[in-house]
**Student:** 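The structure's right below; bear with me while I get my questions together.
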Amino acid sequence: MVRVLAVLVLMMAGISSASAQFFDDGPNFFDFPNIFSGPSSRGPIPRESVYYPTRYAPGTIVVNTRERRLYLVTGGGEALRYGIGVGRDGFRWGGVHRISAKKAWPSWTPPRQMLARRPDLPRHMAGGIENPLGARALYLGSTLYRIHGSNEPETIGHAVSSGCFRMTNEDVADLYDRVSVGTTVVVLNR
């Protein structure tokens, strides 16, 4: 039923059902990032290919917390640059990790440290459009941190999180499709 309604909404919006993809491996939500095509996202900070000379190998993710940007090194002195939200004061960190897991429409269980600060939070949320992890999550090693989507795109470019890196749902889905488990993530916090 949800799929039929979704196709009708897309048809009314002038988007063919052939151009829209639905996510079948979880909640029945539109896979919005695939509806919007083109070189840049529709978020507050456009995704773009930029000049980025670096010593890091192609495929490496470099997070620059000061700039509030994430770079996916593509090689040849270039990278894809994405806007991100970073940890607020006292929650920023640096280091090197690898992506240990990737999840579409992830569920969220706030860590006990967060629950101690915010006892009003739910103890668990199923994946979905209202979930604060958004459409995709890339887990960083055995840490509590993730690169994840957000249902609050206005927070991109700001220091607002408890240490995770937020992206628009469109951008995190784009990054998710470009990287794999084992990808190196370098977090620069200068």
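Values below: all heavy atoms of this structure, side chains included; hydrogens, waters and symmetry mates excluded.
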**Student:** Kindly compute the distance separating CG (Asp177) from CG (Leu175), expressed to the nearest 0.5 Å.
**Tutor:** 9.0 Å
**Student:** List, one per line, each side-chain donor-acceptor pair under 3.5 Å for residues 115-128, sequence neighbours excluded.
**Tutor:**
residue: Arg117; atom: NH1; partner: Gln113; partner atom: O; Å: 3.4
residue: Arg117; atom: NH2; partner: Ser162; partner atom: OG; Å: 3.0
residue: Arg118; atom: NE; partner: Asp120; partner atom: OD1; Å: 3.0
residue: Arg118; atom: NH2; partner: Asp120; partner atom: OD2; Å: 2.8
residue: Arg123; atom: NH1; partner: Pro119; partner atom: O; Å: 3.3
residue: Arg123; atom: NH1; partner: Leu121; partner atom: O; Å: 2.8
residue: His124; atom: ND1; partner: Thr109; partner atom: OG1; Å: 2.8

**Student:** Quick one: does Asn131's side chain have a donor or acceptor within less than 3.5 Å of a partner on Pro106's backbone?
**Tutor:** yes
**Student:** Could you tell me whether the side chain of Leu70 reaches within less than 4.5 Å of the side chain of Ile147, counting heavy atoms only?
**Tutor:**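 The answer is yes, as the side chains (C-beta and beyond) meet within the 4.5 Å cut-off.
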**Student:** Do Tyr52 and Val62 have side-chain heavy atoms sitting under 4.5 Å apart?
**Tutor:** yes
**Student:** Write out all pairs satisfying side-chain hydrogen bond (donor to acceptor under 3.5 Å, both in side chains) with one or both partners inside residues 143-152, taking only residues at least two apart or from two chains.
**Tutor:** Glu152-Arg166
**Student:** Are Arg81 and Val50 close enough that some pair of their side-chain heavy atoms sits under 4.5 Å apart?
**Tutor:**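 Sidechains of Val50 and Arg81: in contact.
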**Student:** Return the OG to CG distance between Ser100 and Leu138, rounded to the nearest 0.5 Å.
**Tutor:**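 Result: 9.5 Å between the selected atoms.
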**Student:** Just verifying a value: how many Å separate His97 NE2 and Ile61 CD1, rounded to the nearest 0.5 Å?
**Tutor:**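 It comes to 13.0 Å.
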**Student:** Keeping the roles fixed (side chain from Arg88, backbone from Ser161), state whether a donor-acceptor pair exists under 3.5 Å.
**Tutor:**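 Confirmed, Arg88 side chain pairs with Ser161 backbone.
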**Student:** Ignoring hydrogens, what is the shortest heavy-atom contact between Pro44 and Pro153? Give both atom names and the distance.
**Tutor:** CG-O, 3.2 Å
**Student:** Show every ring-ring contact (aromatic ring centres under 6.0 Å, His included) that has at least one partner inside residues 163-186, sequence neighbours left out.
**Tutor:** Trp93-Phe165
**Student:** May I ask you to decide if Asn64's main-chain N or O and Arg66's side chain share a donor-acceptor pair within less than 3.5 Å?
**Tutor:** no
**Student:** Rounded to the nearest 0.5 Å, what separates atom CG in Asn169 from atom CZ in Arg136?
**Tutor:** 8.5 Å
**Student:** Nearest 0.5 angstrom please: Ile84 CD1 to Thr65 OG1, how far?
**Tutor:** 7.5 Å
**Student:** Let me check something: do Val96 and Tyr56 share a hydrophobic cluster, defined by ILVMFWY side-chain heavy atoms less than 4.5 Å apart, either directly or through other members?
**Tutor:** yes
**Student:** Is Lys103 atom NZ crowded by more than 12 heavy atoms from other residues, nucleotides or ligands, each under 6.0 Å away?
**Tutor:**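 No, because the 6.0 Å sphere around NZ of Lys103 holds 12 heavy atoms or fewer from other groups.
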**Student:** Decide whether Ile99 and Val73 are clustered together by the hydrophobic rule: side chain heavy atoms of Ile, Leu, Val, Met, Phe, Trp, Tyr closer than 4.5 Å, transitively.
**Tutor:**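 They do not share one cluster, since no chain of ILVMFWY contacts under 4.5 Å joins Ile99 to Val73.
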**Student:** Linking I/L/V/M/F/W/Y whenever any side-chain heavy atoms sit under 4.5 Å apart, do Val187 and Val179 land together?
**Tutor:**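 In one cluster: yes.
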**Student:** Find the distance between CD1 (Ile156) and OG1 (Thr168) and round it off to the nearest 0.5 Å.
**Tutor:** 6.0 Å
**Student:** What heavy-atom pair brings Arg69 and Gly83 nearest, and what distance separates the two atoms?
**Tutor:**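 The pair with the smallest heavy-atom distance is CD-CA, 4.0 Å.
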**Student:** Please report the C-alpha distance between Val63 and Tyr71 in whole Å, then the side-chain angles of each, then the deciding distance to 0.1 Å, and finally whether the side chain to side chain contact (heavy atoms under 4.5 Å, CB included) criterion is met.
**Tutor:** CA-CA 6 Å; Val63 175; Tyr71 297 86; over 6 Å; no
**Student:** Does some side-chain heavy atom of Leu72 sit less than 4.5 Å from a side-chain heavy atom of Arg178?
**Tutor:**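 Arg178 reaches Leu72 side chain to side chain.
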**Student:** Tell me whether Tyr139 shares a hydrophobic cluster with Val172, the cluster being built from Ile, Leu, Val, Met, Phe, Trp, Tyr side chains joined at under 4.5 Å.
**Tutor:**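 Looking at the clustering, Val172 is in a separate group from Tyr139.
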**Student:** In sequence, state the C-alpha distance, the side-chain angles, and the governing distance for Arg98 and Val185, and then conclude on side chain to side chain contact (heavy atoms under 4.5 Å, CB included).
**Tutor:** CA-CA 6 Å; Arg98 293 194 181 272; Val185 179; over 6 Å; no
**Student:** Evaluate the side-chain proximity of Pro132 to Trp108: yes if any heavy-atom separation is below 4.5 Å, no if none is.
**Tutor:** yes
